Amino acid sequence: MTDEQMLAAEITPEPLYLARRRFLKWGAAAASMLATGVAYRRLNRVGAMSVDTDRIADYVPAAESSLKSGYRVDETKTPIEQVANYNNFYEFTTDKEAVSSVAKNFVSTPWQLTVDGMVHKPGTFDVRELMADFRLEERIYRMRCVEAWSMVIPWIGFPLAKLIERVEPMSTARFVAFESLNDPERMPGQRKAVLDWPYVEGLRLDEAMHPLTILALGLYGRILPPQNGAPIRLVVPWKYGFKGIKSIVRISVVAAQPPTTWNRQAPREYGFFANVNPEVPHPRWSQATEQRLGEAGRRATLPFNGYADQVAHLYQDLDLHVNF
Ligand SMILES: Nc1nc2c(c(=O)[nH]1)N[C@H]1C(S)=C(S)[C@@H](COP(=O)(O)O)O[C@H]1N2
Ligand SMILES: [Mo]
């Protein structure tokens, strides 16, 4: 088998119930044909989309057009065509390699983001204005999906803490809730109840305020393409990818732990914290190793996705085998 075929064989789609349904309906032969088709498309790049969104540099003042930051992993970046053509974004389709083409015409300007809840200065902000207000930085982070594949992505964005500070959270606030766009007209995957829409996520307030946590508006120097969560998505590099909610319309500062989409869907499989942890297997996938896209062989998965020195202290009082 080639690496690409191995990849297709090893990477199983996220929801077990979908895989089961597919199996019952079409049988094992059809399922394997499906996997072969996926491998074929990957090998031949049928329908792979290039990223032609505007350059971020055209939107930031010349003095700030150097976006470099100290936050960068020293590993080979995953090529942009893989970052932009291998996506999880169920609002469009559950087929990772079709998200880019299904989402191609998704319009994300103008876009309003509401920040409300337990804050002294709630507001609704235009995302292009936010882009001008906050200093943008490039952050080269590892991205680890619970399906046991990973990438290294050069994001462009700003710390979520900056936005939360601006709305002045009340002293009794403890968590932050996030909500994606709910619009089946524009997001065809939402016409099916594969998930409970809208997609929602959450963080503890201290996780949200951590300097590693960013709102991303771009990648590889360009405005985010639709498939990666345009125009604004969350990136929390020490957690599994599903925490990185895309196309956000509302951020609410709250008192109690908010519900999260995958936890609701399968509570025994997906926890609220979802910190990358090689020691806690998912019921269907060991988390001990991972397939870095574009690489042969597998790598050992690192605790907190390699960010333990920066974030492990946040969880001193938690048993992460229980609070997964
Ligand atoms: N709104 C929304 N956000 C989402 C998802 C989704 O289906 N809908 N998928 C998540 C999962 S499972 C992963 S692994 C990452 C994938 O991000 P990428 O496609 O930009 O690599 O997005 C996350 N954010
Ligand atoms: Mo994921």
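Read the numbers this way: they start at 1 and go in the same order the structure lists the ligands and their atoms. Keep in mind it's a predicted model, so treat the numbers as computed, not measured. These numbers come from the heavy atoms of this one structure, side chains and all, not from hydrogens, waters or symmetry mates.
- In R233, the part holding a heavy atom less than 4.0 Å from any atom of ligand 1 is the side chain.
- Listed by atom number, the atoms of ligand 1 under 4.0 Å from S180 heavy atoms are 1 (N).
- Evaluation of the side-chain hydrogen bond (donor to acceptor under 3.5 Å, both in side chains) test over residues 218-227, restricted to residues two or more places apart or in two chains, returns none.
- Considering backbone and side-chain atoms together, Y86 places no N or O closer than 3.5 Å to any N or O of ligand 1.
- Checking side-chain atoms of E201 against main-chain N and O of F178 turns up no donor-acceptor pair under 3.5 Å.
- Surrounding CD of Q112 are more than 12 heavy atoms belonging to other residues, nucleotides or ligands, all under 6.0 Å away.
- Residue contact check for ligand 1: G244 places a non-hydrogen atom closer than 4.0 Å to it.
- Shown here is R264, whose CZ atom has more than 12 heavy atoms of other residues, nucleotides or ligands within 6.0 Å.
- In this structure, K96 does not count as a contact residue of ligand 1, since none of its heavy atoms falls inside 4.0 Å of the ligand.
- Per-residue contacts place I245 under 4.0 angstrom from the following atoms of ligand 1 (heavy atoms of the residue considered): 3 (N), 24 (N).
- The C145 neighbourhood of ligand 1 comprises atoms 14 (S), with distances under 4.0 Å to a heavy atom of that residue.
- Remark: E168 engages K121 in a side-chain hydrogen bond (donor to acceptor under 3.5 Å, both in side chains) (not counting sequence neighbours).
- Scanning all heavy atoms of the two residues, the minimum distance from L293 to W149 falls at CD2-CB, 3.7 Å.
- Taking every heavy atom of both residues into account, S100 and N85 meet most closely at OG-OD1, 2.9 Å.
- Neither the backbone nor the side chain of E147 comes within 4.0 Å of ligand 1, counting heavy atoms alone.
- Close approach of ligand 1 to Y90 (heavy-atom distance below 4.0 Å) involves ligand atoms 6 (C), 7 (O).
- Annotation: W262 places no N or O atom under 3.5 Å from an N or O atom of ligand 1; distance criterion only.
- The parts of F242 lying near ligand 1 are both backbone and side chain, judged by heavy-atom distances below 4.0 Å.
- Ring-centre distance between Y270 and Y240: not below the 6.0 Å cut-off.
- Considering both main-chain and side-chain atoms, W149 never comes within under 3.5 Å of ligand 1 through any nitrogen or oxygen pair.
- The side chain to side chain contact (heavy atoms under 4.5 Å, CB included) test with N88 singles out one residue from F92, Y86, Y90, and that residue is Y90.
- At a 4.0 Å heavy-atom cut-off, ligand 1 does not touch K243 at all.
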